[in-house]
Amino acid sequence: MPTLRRRVAAVTAVLALSVTAGGTGTSAFADGGLHPGKSPTATGYGGAVSSVDADASAAALGVLRHGGNAADAAVAAAATLGVTEPYSAGIGGGGYFVFYDAGTGKVETIDGRETAPETMPANAFINAATKKPYPFAELVSSGVSVGVPGSLATWERALTRWGTLGLDEALKPAIKVAEDGFVVDETFRQQTLDNKVRFSAFTPTRNLFLPGGDAPAVGSVFRNPDLADTYRLIAGKGTDAFYSGALAEEMAATVQAPPKDPAWAPPASAPGTSIPAFPGYLTTADLAAYTTLDQDPTHVEYRGYDVYGMAPSSSGGTTVGEALNILEPFNLGGMSRPAALHHYLEATALAFADRGKYVGDPAFVDVPTAALTDPLFGKERSCAINPATAAAKPVPAGDVSTYDGVCPVTPALAAHETDTENLSTTNLTVADKWGNVVEYTLTIEQTGGSGIVVPGRGFLLNNELTDFSYDSTNPADPNRVEPGKRPRSSMSPTIILKDDEPFLALGSPGGSTIITTVLQTILNRVDLGMSVSDSIAAPRASQRNTASVTAEPGFISAYGSGLAPFGHKLVPAGDAFTSAAEIGAATAIEFGRNGRMEAAAEPARRGGGSAMVVKPER
């Protein structure tokens, strides 16, 4: 691993790196090589990357090829995703960064989750006249949903802890893409169309993403010079230029008075649509006070593997870990496929019940992380699985105050949890030649976030605060709104070791379905014997302690009849004509012998992902 920061060779390489085309085109590296469009699988040596986007993967690969490490490459890729995946990620949002340090053999994490403003009241989402919460659709496209962004602080912290580049160098590829543009694909156009009504309500958003009143055409080149300038400002002056000064003042003003076009009216295609654009609470003081958190990861053992995840404020590590502990007593590989999937669905329902009762921001809530990831607790919870019949949902939460691994006699009463976490996010996986590994999930929450672009700055603000239990002011709710609090997340960046060496790193977007996507991918690989690429490509279903199981059409077609005798009710994940029809968009790297790496991304979801390696296997 390089020991000198800002190495001349690495800086020169990044300055020369040119990434000029989108996911369906070609991009030029500093060394003159070209990558064809997206490929969902790549095997080889010397480093690897997997993301949803070819430009982002190319940015990371360019850094790896010229001496940067996994942390450097991950930040370069994340910044580029802020350009090419602006509806899923960017400096207006936050996320969780998980790092395996080959030098120490330890997994470490950064919590870069957004926080609620200090002046935000507990009843911020409640209509004072009706005493009921505002409709979710109205809250999303508003200033009140915007939390203090954490992505940029995460990038700086990751580079400081583990990187060899400065933030200025790491931003170079993204600046190039923002300036030169990327080729619009079907996914970008569809996601723009999905948001056309609300984007049209905000003048700066409409001007940027709806040129001429329509979504950019597939095959056209989309440029974002405002974002290029914003990145240049940050590259020149550091993160202080974001968390203080003119840009901070502009963000706060935008949240407090969202730039809604006063002449906007619902289009004929969406009569009755209401976008009140409620003012929010973000201040310059909130931005100046923001800090990331260094955290220990969650850890469980599963079938001889050490599984590390993200601790609260994310619920990903505890919920994936608990579900694995619940499944540990069962021989899934020896079952029929429907029976194995039945156990998977029941385990996630149980883990989600405990997630709802116990998990929130540990700075505000006493989260029983050790109990939730205790194998004895998982074994006791596994007693609730009937191998022949699905339990009525919602199932009750377990009791973390007293457990011994023995089946309880009388269950507690179930409580229904309203889940408002949305589907959009992005994920990337990077490994370098020294053996360092990054799993990073970042988001602005809803596809398109709050729908509000900061005028003249080129990026969307998040709507992360709707991840709180916005309809609850109950003091017993671990995820209720509180000033300064991080809303509970489902992001589940995961690194798995075997015999103290990396075996698999994976993660996914998808709101609360992130947890089930990561879990199902692990089970596919470890229990069902699929390759990592097939594990990602397999059709998905998500049971989050609800009466119905959300499933992709391919899952329903393949397993619906087999799961019917167990009593599972499968319903489509979403409208087949929108991006919500798919569950997740995973990325992964599996590590083999002698430094061999297999990078894997989606072959079809979100238009397919982009996997690359430094030295392809011949």
Side-chain angles (χ1 to χ4, degrees), residues 300-305 307 319-353 375 378-395 407 494 496 503-504 506 508 510 513 515-573 582-584 586 588 590 600 602-605:
V300 301
E301 295 181 6
Y302 185 69
R303 313 220 192 277
Y305 296 92
V307 182
T319 312
V320 170
E322 181 185 349
L324 290 171
N325 284 337
I326 292 170
L327 291 168
E328 178 77 30
F330 302 104
N331 179 15
L332 302 185
M335 299 179 184
S336 68
R337 188 59 56 87
L341 291 170
H342 163 68
H343 282 74
Y344 151 67
L345 295 171
E346 293 298 277
T348 58
L350 292 165
F352 264 83
K379 183 179 180 181
E380 186 167 304
R381 293 294 277 148
S382 73
C383 300
I385 295 181
N386 184 324
T389 305
K393 309 297 188 306
V395 297
C407 295
T494 302
I496 303 176
F503 164 69
L504 182 67
L506 75 161
S508 177
T513 68
I515 291 168
T516 56
T517 294
V518 168
L519 177 63
Q520 189 176 358
T521 304
I522 293 171
L523 300 181
N524 287 343
R525 179 67 189 89
V526 173
D527 290 280
L528 304 183
M530 298 182 190
S531 69
V532 63
S533 296
D534 288 345
S535 296
I536 286 175
R540 296 185 183 129
S542 181
Q543 168 54 270
R544 289 158 287 165
N545 202 23
T546 56
S548 300
V549 176
T550 302
E552 294 179 331
F555 187 94
I556 295 173
S557 175
Y559 306 115
S561 60
L563 286 168
F566 294 92
H568 294 286
K569 180 183 178 183
L570 307 183
V571 298
E582 300 165 338
I583 296 177
E590 182 170 327
E602 297 286 354
R605 295 179 183 95

Using atom types as modelled and distance alone, determine if a side-chain donor or acceptor of Ser557 lies under 3.5 Å from a backbone N or O of Pro553. no
OG1 of Thr516 to CD1 of Ile583: how many Å apart, nearest 0.5 Å? 6.5 Å
Ile536 and side chain to side chain contact (heavy atoms under 4.5 Å, CB included): which single residue from Glu602, Gln520, Arg525 fits? Glu602
Can a donor-acceptor pair be found between the side chains of Arg544 and Thr546 at a distance below 3.5 Å? no
Nearest non-hydrogen partners of Pro539 and Phe555, listed with the distance: CB-N, 3.3 Å
Test side chain to side chain contact (heavy atoms under 4.5 Å, CB included) applied to Leu519 and Thr319, Thr494, Leu324, the passing residue: Leu324
Look at the side chain of Gln543 and the backbone N and O of Thr348, then say whether any donor-acceptor pair between them is shorter than 3.5 Å. no
Do Val571 and Val549 have side chains that approach each other closer than 4.5 Å (heavy atoms only, starting at C-beta)? no
Minimum heavy-atom distance Thr517-Ala586, with the two atoms named: CG2-CB, 4.4 Å
Within-4.5 Å side-chain heavy-atom neighbours: Asp527 and Phe330: no
Nearest heavy-atom approach of Leu528 to Ala340 is CD2-CB, 4.4 Å
Locate the shortest heavy-atom distance separating Val532 from Ala588; write the atom from each residue and the value. CG2-CB, 3.9 Å
Side chain proximity check, His343 to Leu332, heavy atoms < 4.5 angstrom: yes
At their closest point, which heavy atom of Met530 faces which heavy atom of Ser535, and how far apart are they? CB-OG, 3.4 Å
Within the side chain of Arg605, is there an N or O that forms a donor-acceptor pair under 3.5 Å with the backbone of Glu582? no
Sub-3.5 Å donor-acceptor pair from the side chain of Glu346 to the main-chain atoms of Ala390, do we have one? no
Scan side-chain atoms only and decide if Tyr344 and Asn524 contain a donor-acceptor pair under the 3.5 Å cut-off. no
Look up atom CD1 in Ile556 and atom OG1 in Thr550, then write down how far apart they are to the nearest 0.5 Å. 9.0 Å
Whether the Thr513 and Ser542 side chains hold a donor-acceptor pair (N or O, under 3.5 Å, no angle test) is what I'd like checked. no
Short question: side chain of His568, backbone of Gly560 - any donor-acceptor pair under 3.5 Å? no
Where the side chain of Lys569 meets the backbone of Gly567, is there a donor-acceptor pair that is under 3.5 Å apart? no
Do the side chain of Glu552 and the main chain of Ala573 share a donor and acceptor less than 3.5 angstrom apart? no
Before giving the answer on salt bridge (charged side-chain N to carboxylate O under 4.0 Å, His left out), spell out for Arg381 and Glu328 the whole-Å C-alpha distance, their side-chain angles and the decisive distance to 0.1 Å. CA-CA 11 Å; Arg381 293 294 277 148; Glu328 178 77 30; over 6 Å; no
Within the 4.5 Å heavy-atom criterion, are Asn325 and Lys379 side-chain neighbours or not? no
Check Ala323 against Ala347 and note the closest heavy-atom contact, atom names and distance. O-CB, 4.2 Å
Anything under 30° is parallel, anything over 60° is perpendicular, the rest tilted; go ahead and classify Tyr305 against Phe503. tilted
